[in-house]
Novice: 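I'd like to ask some things about the structure below.
Predicted model only: the values in this text are computed from it and were never measured. In the text below, chain A, chain B and the rest are named by the order of the sequence lines, each starting its count at 1. Reckoned from all heavy atoms, side chains included, excluding hydrogens, waters and symmetry mates.
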Amino acid sequence: MAVYTPSEIEARWQVAWEKAGIFTAQRDETKPKYYVLEMFPYPSGRIHMGHVRNYTMGDVIARYKISTGHNVLHPMGWDAFGMPAENAAMAIGGHPKTWTYDNIADMRGQMKPLGLSIDWSREFATCDPEYYGQQQALFLDFLDAGLIHRKNASVNWDPIDMTVLANEQVIDGKGWRSGADVEKRDLTQWFFKISDMAGELKSALDDLENWPAKVRLMQENWIGESRGLQFAFSTANAPEGFDRVEVYTTRPDTLMGASFIGISADHPLAKQLEKENPEIAAFCAECRKGGTTAAEIETAEKMGFDTGIRARHPFDTDSKLPIYIANFILMDYGTGAIFGCPAHDERDWDFATKYELPIISTFLPTPDADEKLTTPYVPAKTEEVYYNRGFAGEETQTGEAAINAAIDFCEANGVGQGVTKYRLRDWGLSRQRYWGCPIPVVHCDSCGVVPEKKENLPIELPFDVDFDTPGNPLDRHPTWRDTPCPSCGKPATRETDTMDTFVDSSWYFARFTSPRADTPTVKEDADYWMNVDQYIGGIEHAILHLLYSRFFARAMQITGHLPESAVEPFNALFTQGMVTHEIYQTEGDNGRPVYHLPEDVTDGKLADGTEVQIVPSAKMSKSKKNVVDPLGIIANYGADTARWFVLSDSPPERDVEWTASGAEAAYKHLNRVHNISARIAEMDKSASGKDDDGLLRAMHKAIHDVTVGVETFGFNAAIAKLYGFTAVLQKSKAGYAAQHEAIKTLAQLMAPMTPHLSEHIWATQGGADLVATAPWPKADEAMMVDDTVTLPIQINGKRRGEISVPADMPKDEVEKLALATQAVQKALEGGTPKKVIVVPGRIVNVVV
RNA sequence: GCGGGCGUGAUGGAAUGGUAGACAUAGCAGACUUAAAAUCUGUGGGCCUUAGUGCCGUGGGGGUUCAAGUCCCCCCGCCCGUACCA
């Protein structure tokens, strides 16, 4: 019998697919199109099991759709700009460009043996000038359409390296290389006006039915629509021009509980006071220390500084509320100023307690509850409470009703107005870095900021740069900056900032529809191929990448680069989990953990007998040495085994633990299927046997279950069914015809997951052409119905017996049979049941 | 801090509110073999001098329901995101 040799089989069929050109996508109006896309990788240099899993899932969908008659687009590219390339240049020398393209070549070489159904003719990298030149064209069109503007924003500033740091380069408030205390610093930067679309981006989420609910919810919360009251406190003894402080609150119903006003350290009033008062200047400087991340700002100890200025309450003009500058108030949100109601807000409570400010309740759980609180009282807005200091609406009402009543009351009395605000901020796209897409504008002394002319695109990155000094090499390049002003022609300088790499990944899916065009997209291609029918990627991209892409699709529609129908570019989204592996660690001399490679550990021990500590299910990472190299797996077992395993053991949305025994088991199974095929091929073609019908029934059930599994991303469940069907076939004594049909069908059902072995079996069994293009088998409903079903009998919800009945037996007859069973009779003790529930085909529950 | 998710045998996991543990792995027992590997078969949550269609059991505590792993509330742990990592 022929032996299963994946290396030989896999190489042969990959050549056959390439020769047949079956994965090269072309417009074909006669077939329904299907665009499947996995989030493209960053070219780090090595593929890992996470990639294998991600691309295998997409491949299963793509191959399945080919076999159901679709014209499939399944492209691949590289998210190739970004910091690691610059870091590598700094750490080991070389050039980001060389490093990146070398990595791409390596990774492509590692991906090809997986046998993915990718149209490689459409491949591109975002660092190709042909790509980022078109991105610059989009930038100019967006600018022209008013979708981009400039404003100030704070960045992490390293005062020793004199450079801007990314958030991940700030460790415990210090620069990662210099160790200096990081400060916030304001820079003028470019912004996409995504916040103008906040309402639309939120409401459109409702129609994304084939997106995970959790992702829609996360985006909704991120956009953060709120209805509130914007109004002003008048001030006493404030500097000129600040006789009012405008605040925004989502809880106007707590207005009578206000005990202080808080303003951001970046509020215009704070900035004015800073000029006059060195103490305030010192406090504001203190607030500006530390990083710019929300987590850092929110968890920092709350600090306030009493400005000495007092505010009058709109409904109690004798009152004098202190105005504090506070470090937890963000200038970006609302008006940069709040009123604090410590009785009903955790943060305000902490602040008021620290600075001994009054705590005044405005509502209580019941009218007779104690007014004096020991903790902030923050019930859900939907809960009814008693307003002891209400001023609008009913005495007892929900927070929601009270908020609406308060807004109406305030508007009627000329105290501010109800407004809808969003948490979503504009998207700052400027980066003070080299390895990104240059922003195509020129700064001219006479004309100001001038867009570059389209015919001058792409504005290419210069190659002759060095990374010996921190900061952006474009800034210190001797000639690259010099350029004539596109408007007046006088000498001017280029913008040296490049674009956020999220820009690159916000439209690549559209570019795949016409990757070589000399415009960003081509109408016919975009019209035909968009949208992405199935998008697959990690949950870590739930908010930023997906939200930015939704914004870009809208902006591209406005500027004529995408059709109206593509404003939501991803029809269906699937978020997959990570691939994890145990960590093996021992303790080093300094008490720190020392990590060991899986191949160095046998039975929990190192070669020298040292016991290792095993940490389960950790995300694979090089530093922890728990990375399993896909190439090694492919060399040992073949790509089909790797593909089968990453799909089999875990639901795709969850993390999968890589285990050597699991991979071994996958290999054994494929061997078994291979051997069954070989056995059937050697059968006497006219041989008859026993129970052909049983085998064919199992086959039709398998067709049904696997089809459902593939269509619903239940790959692990589909594989479990394939195990079951394989076991039936292996034991079957059926005749040749039935067994031959069964093995051919098995090969087809396995083809999306193990395409090479399936082609081999298909060919062995005399199948026509390629299994990759053969039509997907159809389950015969008639072959799937069982005549009898086994119903469990429950007594008071606990299983106490079972009956076997015809599948179509009426409810009342099932009830009679159930009541007659020994178990029920025993439980009834001659009495009558209180209730009998019969769920046809499912269960019988008798309540006694 | 905030937003979202997850938690089931020794292990990965299955289960439209309806028989908890499908399928797979480790382990154990057996067949084949001179022996081993490979292969095949069985077993495979815990408890019990009552071995029973017995009791307990899906992170912990409470609730809704004829029925809860699944729905609701509180708590614990882990993971993702938190706007300059990609």
Novice: Any side-chain donor paired with an acceptor under 3.5 Å for A:Asp158 and A:Trp176?
Specialist: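 A:Trp176 and A:Asp158 do not have a side-chain donor-acceptor pair below 3.5 Å.
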Novice: Take atom P in B:G69 and the same atom in B:U58, then report the distance between them in whole Å.
Specialist: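 Here B:G69 and B:U58 have their P atoms 7 Å from each other.
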Novice: Examine distances only and state if a side-chain atom of A:Asp345 and a backbone atom of A:Asp348 form a donor-acceptor pair shorter than 3.5 Å.
Specialist: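 Yes; judged by distance alone, with no hydrogens or angles, the pair exists.
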Novice: Any base atoms under 4.0 Å from A:Phe328, or only sugar-phosphate, or nothing? Heavy atoms, all strands.
Specialist: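 Since no nucleic acid heavy atom lies under 4.0 Å of A:Phe328, the category is nothing.
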Novice: Side chains of A:Tyr535 and A:Glu38: is there a donor and an acceptor less than 3.5 Å apart?
Specialist: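 Absent: no donor and acceptor within the cut-off.
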Novice: Only one of A:Phe645, A:Tyr723, A:Phe725 clears ring-ring contact (aromatic ring centres under 6.0 Å, His included) with A:His669; which?
Specialist: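 That would be A:Tyr723.
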Novice: Mind calculating the distance between NZ (A:Lys721) and C1' (B:G13) to the nearest angstrom?
Specialist: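 These atoms are roughly 14 Å apart.
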Novice: Nearest to the side chain of A:Val155, heavy atoms from C-beta on, is which of B:G18, B:C84, B:A86?
Specialist: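 Side chain of A:Val155 sits closest to B:C84.
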Novice: Any N or O donor-acceptor pair linking the side chain of A:Glu168 to the base of B:C84 at under 3.5 Å?
Specialist: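 Such a pair does not exist between side chain and base.
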Novice: Please identify which of these residues, A:Trp427, A:Tyr508, A:Trp507, meets the ring-ring contact (aromatic ring centres under 6.0 Å, His included) condition with A:Tyr548.
Specialist: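 It is A:Trp427; the other options fail the test.
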Novice: Find which nucleotide of RNA chain B each of A:Tyr548 and A:Met218 is nearest to by heavy atoms, and output the residue with the more 5' nucleotide.
Specialist: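 So the residue in question is A:Met218.
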Novice: In this structure, how many angstroms lie between the P atom of B:A86 and the CG atom of A:Asp500, rounded?
Specialist: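 In whole Å, B:A86 P and A:Asp500 CG are 7 Å from each other.
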Novice: For atom P, what is the distance between B:G12 and B:G46, given to the nearest Å?
Specialist: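 Each nucleotide's P atom is 16 Å from the other's.
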Novice: Taking atom P of B:G1 as reference, at what distance in whole Å does atom CG of A:Asp345 sit?
Specialist: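 So the two atoms are 15 Å apart, to the nearest Å.
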Novice: Might you list the N or O atoms of the protein lying below 3.5 Å from N or O atoms in nucleotides 62-68 of chain B, with each pair's distance?
Specialist:
| unit_1 | atom_1 | unit_2 | atom_2 | d |
| --- | --- | --- | --- | --- |
| B:C66 | O2' | A:Asn845 | ND2 | 3.2 |
| B:C66 | O2 | A:Asn845 | ND2 | 2.6 |

Novice: For nucleotides B:G17 and B:C6, find the distance between their P atoms and express it as a whole number of Å.
Specialist: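 Here B:G17 and B:C6 have their P atoms 14 Å from each other.
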Novice: Could you go step by step and tell me if A:Arg431 and A:Asp500 meet the salt bridge (Lys or Arg N to Asp or Glu O under 4.0 Å) rule?
Specialist: CA-CA 6 Å; A:Arg431 295 292 182 272; A:Asp500 177 10; 3.2 Å; yes
Novice: Now, which nucleotide makes the Watson-Crick or G-U wobble pair with B:A20, with each of the two distances under 3.5 Å?
Specialist: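 Its partner: none found.
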Novice: Sticking with atom P, work out how far B:G13 lies from B:A20, rounded to a whole angstrom.
Specialist: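 The same atom, P, in both gives a distance of 22 Å.
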Novice: So what does A:Thr299 hit on the nucleic acid, given a heavy-atom distance under 4.0 Å: a base, only sugar-phosphate, or nothing?
Specialist: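 Base, at least one base heavy atom under 4.0 Å.
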Novice: Tell me: CD of A:Gln432 to C1' of B:C85, nearest whole Å?
Specialist: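 One finds 16 Å between C1' of B:C85 and CD of A:Gln432, rounded.
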Novice: Watson-Crick or G-U wobble partner for B:C2, using a 3.5 Å limit on both distances?
Specialist: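 B:G81 is the nucleotide pairing with B:C2.
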Novice: Run the side chain to side chain donor-acceptor pair (under 3.5 Å) check on A:Gln432 and A:Asp497 step by step: do they pass?
Specialist: CA-CA 5 Å; A:Gln432 296 69 44; A:Asp497 282 355; 3.2 Å; yes
Novice: Counting primed atoms plus P, OP1 and OP2 as sugar-phosphate and everything else as base, spell out the protein contacts along nucleotides 71-77 of chain B at 4.0 Å heavy-atom distance: B, S or - for each nucleotide, 5' to 3'.
Specialist: -------
Novice: Please state whether the phosphate of B:C55, meaning OP1 or OP2, lies under 4.0 angstrom from any side-chain nitrogen or oxygen of A:Arg800.
Specialist: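 Checking A:Arg800 against B:C55: at least one side-chain N or O falls below 4.0 Å of OP1 or OP2.
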Novice: Take atom CD of A:Glu346 as the centre, draw a 6.0 Å sphere, and report whether it contains more than 12 heavy atoms from other residues, nucleotides or ligands.
Specialist: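 No, because the 6.0 Å sphere around CD of A:Glu346 holds 12 heavy atoms or fewer from other groups.
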Novice: Considering every strand and a 4.0 Å limit on heavy-atom distances, what is the contact class for A:Gly82: base, sugar-phosphate, or nothing?
Specialist: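 If one applies the 4.0 Å heavy-atom cut-off, A:Gly82 turns out to touch the sugar-phosphate alone, with no base involved.
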Novice: Apply side chain to side chain contact (heavy atoms under 4.5 Å, CB included) to A:Asn167 and list each qualifying residue two or more places apart in sequence or on a separate chain.
Specialist: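 A:Asn167 satisfies side chain to side chain contact (heavy atoms under 4.5 Å, CB included) with A:Asn156, A:Thr292, A:Thr293 only.
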Novice: Go through the steps to decide whether A:Phe502 and A:His545 satisfy the test ring-ring contact (aromatic ring centres under 6.0 Å, His included), and finish with yes or no.
Specialist: CA-CA 6 Å; A:Phe502 272 122; A:His545 163 60; 7.0 Å; no
Novice: Categorize A:Glu296 for me: base, sugar-phosphate, or nothing, with a 4.0 angstrom heavy-atom threshold over every strand shown.
Specialist: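 Contact class for A:Glu296: none.
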Novice: With a cut-off of 3.5 Å and sequence neighbours excluded, list every side-chain donor-acceptor pair involving residues 81-91 of chain A.
Specialist:
| unit_1 | atom_1 | unit_2 | atom_2 | d |
| --- | --- | --- | --- | --- |
| A:Glu86 | OE2 | A:Tyr434 | N | 3.0 |
| A:Glu86 | OE2 | A:Trp435 | N | 2.6 |

Novice: Roughly, in whole Å, what's the span from CH2 in A:Trp222 to C1' in B:G81?
Specialist: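 Value for this atom pair: 7 Å.
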Novice: With hydrogens left out and only the distance checked, is there a donor-acceptor pair under 3.5 Å joining A:Arg423's side chain and the base of B:U82?
Specialist: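 Side chain to base: no pair below 3.5 Å.
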Novice: Going by salt bridge (charged side-chain N to carboxylate O under 4.0 Å, His left out), name the pairs with one or both residues in residues 168-177 of chain A, residues two or more places apart or in two chains.
Specialist: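 Applying salt bridge (charged side-chain N to carboxylate O under 4.0 Å, His left out) to every pair that reaches into residues 168-177 of chain A, excluding sequence neighbours, yields A:Lys174-A:Asp181.
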Novice: Establish, yes or no, whether a centroid distance under 6.0 Å links the rings of A:Phe192 and A:Phe552.
Specialist: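 Close enough - the centres of the two rings lie under 6.0 Å apart.
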Novice: Base, sugar-phosphate or nothing for A:Ser648? Non-hydrogen atoms, less than 4.0 Å.
Specialist: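 It contacts nothing in the nucleic acid.
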Novice: With a cut-off of less than 4.0 Å, is there a side-chain N or O of A:Asn716 near OP1 or OP2 of B:G13?
Specialist: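 So the side chain of A:Asn716 is outside the cut-off, no N or O lying under 4.0 Å from OP1 or OP2 of B:G13.
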Novice: Under 4.0 angstrom, heavy atoms only, what part of the nucleic acid is A:Ala542 near: base, sugar-phosphate, or nothing?
Specialist: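 Nothing, no nucleic acid heavy atom in range.
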Novice: With a 4.0 Å cutoff (strictly under), does any side-chain N or O of A:Thr293 reach OP1 or OP2 of B:U82?
Specialist: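 No, A:Thr293 has no side-chain N/O under 4.0 Å of OP1/OP2 on B:U82.
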Novice: Expressed in whole Å, how much space separates the C1' atoms belonging to B:C84 and B:A24?
Specialist: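 The answer is 44 Å between these two C1' atoms.
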Novice: Is B:G9 syn or anti, taking syn as a glycosidic angle within 90° of 0?
Specialist: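 You should classify B:G9 as syn.
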Novice: Heavy atoms only, 4.0 Å cut-off, all strands: where does A:His541 land among base, sugar-phosphate and nothing?
Specialist: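 Since a base atom lies under 4.0 Å of A:His541, the category is base.
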Novice: Rounded to the Å, how far apart are A:Tyr333 OH and B:U82 P?
Specialist: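 Rounded to whole Å, this separation is 19 Å.
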Novice: Can you give me the N/O atom pairs linking the protein to nucleotides 37-41 of chain B at distances under 3.5 Å, or say none if there are none?
Specialist:
| unit_1 | atom_1 | unit_2 | atom_2 | d |
| --- | --- | --- | --- | --- |
| B:C40 | OP1 | A:Arg672 | NE | 3.0 |

Novice: Expressed in whole Å, how much space separates the P atoms belonging to B:U43 and B:U50?
Specialist: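 So the two P atoms sit 25 Å from each other.
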Novice: A:Leu670 has an atom CG; how far is it from atom C1' of B:A24, in whole Å?
Specialist: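 My rounded result for the distance is 13 Å.
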Novice: Please state whether the phosphate of B:C84, meaning OP1 or OP2, lies under 4.0 angstrom from any side-chain nitrogen or oxygen of A:Arg431.
Specialist: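 It does, given that an N or O in the side chain of A:Arg431 lies less than 4.0 Å from OP1 or OP2 of B:C84.
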Novice: Let's test this: given Watson-Crick or G-U wobble pairing with both distances under 3.5 Å, identify the partner of B:U49.
Specialist: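 Its partner is none (no Watson-Crick or G-U wobble pair with both distances under 3.5 Å).
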Novice: May I have the distance from A:Lys214 (atom NZ) to B:C79 (atom C1'), rounded to whole angstrom?
Specialist: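 To the nearest whole Å, that distance equals 11 Å.
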Novice: May I ask you to say what A:Leu424 touches in the nucleic acid, namely base, sugar-phosphate or nothing, with a heavy-atom cut-off under 4.0 Å?
Specialist: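 The residue A:Leu424 makes base contact.
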Novice: Taking atom P in both B:G7 and B:U16, what distance in whole Å separates the two?
Specialist: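 One P to the other, the span is 14 Å.
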Novice: I want to check a possible cation-pi pair here: A:Lys151 against A:Phe191, using under 6.0 Å from ring centre and within 45° of the ring axis as the test.
Specialist: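 Geometry flag: set, cation within 6.0 Å and 45°.
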Novice: Looking at A:Asn327 and A:Glu301, would you say the former's side chain and the latter's main chain have a donor-acceptor pair under 3.5 Å?
Specialist: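 The answer is yes, because a donor-acceptor pair under 3.5 Å joins these two groups.
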Novice: For the C1' atoms, the ones on B:C71 and on B:C85, what distance do you get once it is rounded to whole angstrom?
Specialist: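 That atom pair is separated by 38 Å.
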Novice: Across all strands shown, which nucleotide pairs with B:C28 by Watson-Crick or G-U wobble geometry, both distances under 3.5 Å?
Specialist: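 Across all strands, the one nucleotide that pairs with B:C28 is B:G42.
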